[in-house]
Amino acid sequence: MKKLFAVTLGILTAFGGFVDIGDLVANAVVGSRFGLSLVWVVVVGIVGICLFAEMSGRIAAVSQRPVFDLVRERLGPRAGLVNLGASFFINALTLAAEIGGASLALELATGVNYLLWVPLVALVAWLVMWRVKFETMERIFGLMGLGLVVFLVALWKLGPDWGELAHQLTRPPQDEGLPTYFYYAIALLGGAMTPYEVFFFSSGGVEERWTSKDLVTERANVFVGFPLGGLLSIGIAACAATLFMPVEAVPDSLGQMVLPVAAGLGKVALGVVILGVFAATFGATLETALSSGYSLSQYFGWQWGKYVQPARAARFHVVVLAVTIVATALILTTIDPIMVTEYSLVFSAAALPLTYLPVLMIANDPDYMGDKVNGRFSNALGMVYMVLLLVVAVAAVPLMLATKAGQ
Amino acid sequence: MSAPRRALLTGAALLAAFGPAACVSPAWDDHDYALKAGKTAEAAASAVQLARTAVRHEDGTTRQYLKVVLTEAADDLGNVNDQFGGVQPPSDASERLRGEVTDLTEKAEDEVHDLLDQVRRDRVRDPAGAVRDLGEIAGRLSAFAERHK
Amino acid sequence: MTEHARTLHARLHLLDRQVASTDEDRLICKVDDLEVRTGDGPFPYVTAILSGPLALGPRIGGVAGWLMAEVDRLFRDDPSGEPYRIAMGRVTEIGSAVRVAGQPRDLALERWLARNVVGRIPGAPRPEHEEDAATEPEALEAQEVAEGRARREDGETLRMSTLLARVVRDDSGNVVGNVVDVRLVQDGPLLDGVQLAFRLAGFVVARRRAGQLFGYERAHRDGHPALVAAVVRRLHGEIRYADWDEVASLGDGEVRLRVPWERLRMLDDL
């Protein structure tokens, strides 16, 4: 049990990448339209986020410097500011969507319209960030979110044709265009590797006071959390491929995407999965709101973090509060949360290289890392991903326009 | 996605610049109109199938949950109807096509609304029958979509 | 003192690093700029870390930089227009963060928000030294402002950022490149009676202007992702080092050399 507690930071971080509100629905959409033919993208995403999260966590443990410190230090004030602007904008949009997502989960559980839940969700989220200890926070929501594991059980209960699923792995369906296919590939990869994950993960490492002695914990977080998140996202796609694809139904809401669990396992499991969805989206709410504060504070060198008294990190807490208020107002305009993340995912894909390049550079800098610099394997893989991320960054927005966001 | 949400979304200044794909442009000729009719039928079929799947596994769901899912399906269908209704048919042939599609989508909308009323009061009275009816409508919508690709 | 004085590169090792206090593990600010004193002895040397919007704003420039400085003005009572300043004599360690001794006061915006926003939200525990915090900073601030003024009066100062990206001309006045980094050696005058100042030892000059070097000019370091290093080096063209002895003047926003480009040492030879 103690070991499980040690990896909750990784689990909570991974929710933001693989099973937050946008990804939950995107995975179901992809499963119902493309079967399992995009699973390889999720695998590429898992490897990529593990690689860079491990580097950023290792840097945080060895030098106590979180990711946005590195961005500012290597890119300088101007390019750093561009990255800050883009990241902050994406964070705020995603935060709005996550607040909406957690409220939608409550609507599913209670039947009360989600808009009524929005202010309450935002208030509770802020209270958690204001008062609850970082470790307590990550444990509660990290473990609750494991309720999503019922998707994997449901898949088994639905009794899919495993041969057919395996066949889909390599065959995209004929009736979908190639641009649409690649649009979803980029959305999935952008989702899996969103920058706020490394902001949150590395800052969380500093919040937890990691040192060079905690590298084992750090790696355990990375190699348990992210693959687990990725596995859940594949499970969701497989459920959709089993239940929805044969009847050509494409889910576009949170309620529809949990239907396979109800179909496979019944009411109790439905309750568990809704709880899991709530925890994952609420966890992602905390992740994105805190990441806004982290990135801004770290760019300007302000005192940040929950490990000091709020009055000692006044600017950080004011940023978190302000961004929560703005995001709540945005979602109360009844803008569709799921649509919001679809756009922010693609924009974040365009901003990826600006975040991961400084991480790769510092992970090689002995001034920071001493003898804990990257090995050859990490560097070779890191370079492959830098090239891949550049391609993704260039292709993201044109593909979105060309396919009308995957229609 | 419910109608007010999508409508407001479309108007949202933030995303207006990127042209949300929910907008429907006017039809230029019969072929174009037929394509739009096909797309409409496809979207409606998807919504009907989702509702049908939910009703089929009705015993595994709670009432609140079923209500939310059916409301979404009803809203989606209403939305599809509204959008397609806004496109002017360019000829008499297109006019007939329009009748064919709207007959089906409106029937689907009625059926889902009816189920929703039942759920609001209690539970679905005859799940097996509803599954059969929805399946039949979805089948016809899909067949139509297939013909007008 | 060790026989080999510590050598740093201003942009690579100092600028944009986090400043933290040694005593209480508190994050204070970034090294937004460095104050360099010229015209006082044979070498210019670094006298202080500058921080806050008034130091960062000019580096960013444009609307964003202006906006930053203006917002800061709203929250400060001191109209001097001087950026937040930490004397180099207080620096105890330069590593992944720059550590400074003592308890430097917080920047204006932090103090204002702590007092007027965060302090008023229910549930915010008061910081232990709140009473001191209310009175002490003014005295400290006055002292620091006075110190800064005194320093400016007895010598010219300039900001490190204005040295970076300067055009470099050779002895016959031809443009030969741009400054990409400034080399500092810790064997300058004694600061505050505790440690030696970092003096300006020379300039790293690149043929082409292509932003930062990220330390990749120091070739053959193990482990660097080779492709990144190759791309960065390629973008900059030939890189050479101009020692302070080879610099004629720093006038007119340029760096004038005494010698032709070919006489400068290649960076790899250092």
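Everything quoted here is computed from the prediction, not taken from an experiment. Here is the naming used below: chain letters follow the sequence lines, and residue numbers restart at 1 for every chain. For the numbers below, each heavy atom of this structure counts, side chains included, while hydrogens, waters and symmetry mates do not.
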How close do A:R65 and C:A97 get, heavy atom to heavy atom, and via which atoms?
-> NH1-CB, 3.2 Å
Could you grab the distance from atom OH of A:Y368 to atom CZ of C:R17, nearest 0.5 Å is fine?
-> 3.5 Å
Looking only at C:L15, C:D32, C:V31, the option with the highest number of non-hydrogen pairs under 4.5 Å against chain A is C:D32
So, the part of A:L321 with a heavy atom under 4.5 Å from chain C: the answer is side chain
Checking A:L357 against chain C: side chain, backbone, both or neither under 4.5 Å from a heavy atom?
-> side chain
Should we say atom CZ of A:R376 is surrounded by more than 12 heavy atoms from elsewhere, each under 6.0 Å from it?
-> no
Any side-chain heavy atom of A:Y299 within less than 4.5 Å of one from C:D16?
-> no
Distance in Å, C:R59 CZ paired with A:L81 CG, rounded so as to fall on 0.5 Å steps | 12.0 Å
Electrostatic pair A:D69:C:K30 at N-O distance under 4.0 angstrom = yes
Nearest non-hydrogen partners of C:R11 and A:E73, listed with the distance = O-OE2, 4.4 Å
side-chain contact (heavy atoms from CB on, under 4.5 Å) assessment of A:R312 paired with C:L27 = CA-CA 10 Å; A:R312 287 253 171 242; C:L27 304 175; over 6 Å; no
Spacing of CD belonging to C:Q18 relative to CG belonging to A:L70, to within rounding of 0.5 Å | 11.0 Å
Decide yes or no on side-chain contact (heavy atoms from CB on, under 4.5 Å) for C:M68 and A:F300, but give the supporting numbers first.
-> CA-CA 11 Å; C:M68 221 175 255; A:F300 286 110; 3.7 Å; yes
Residue A:Q64 versus chain C: region with a heavy atom under 4.5 Å = neither
Side chain / backbone / both / neither for C:I60 at chain A, heavy atoms under 4.5 Å = both
Minimal non-hydrogen separation, C:S96 against A:S63, with atom names = OG-O, 3.2 Å
From CG (C:L12) to CG (A:D365), nearest 0.5 Å | 6.5 Å
C:A20 versus chain A, heavy atoms under 4.5 Å apart: side chain, backbone, both or neither?
-> neither
Most heavy-atom pairs under 4.5 Å with chain C, out of A:M386, A:R315, A:Q303, belong to A:R315
Count the heavy atoms of every other residue, nucleotide or ligand shown that sit under 6.0 Å from CZ of A:R219, and state whether that count exceeds 12.
-> yes
Heavy-atom distance under 4.5 Å between the side chains of C:I121 and A:W130, does that happen here?
-> yes
Closest non-hydrogen atom pair between A:P77 and C:L56, with its separation = CB-CD1, 3.7 Å
4.5 Å side-chain heavy-atom contact, A:W302 and C:I28 | no
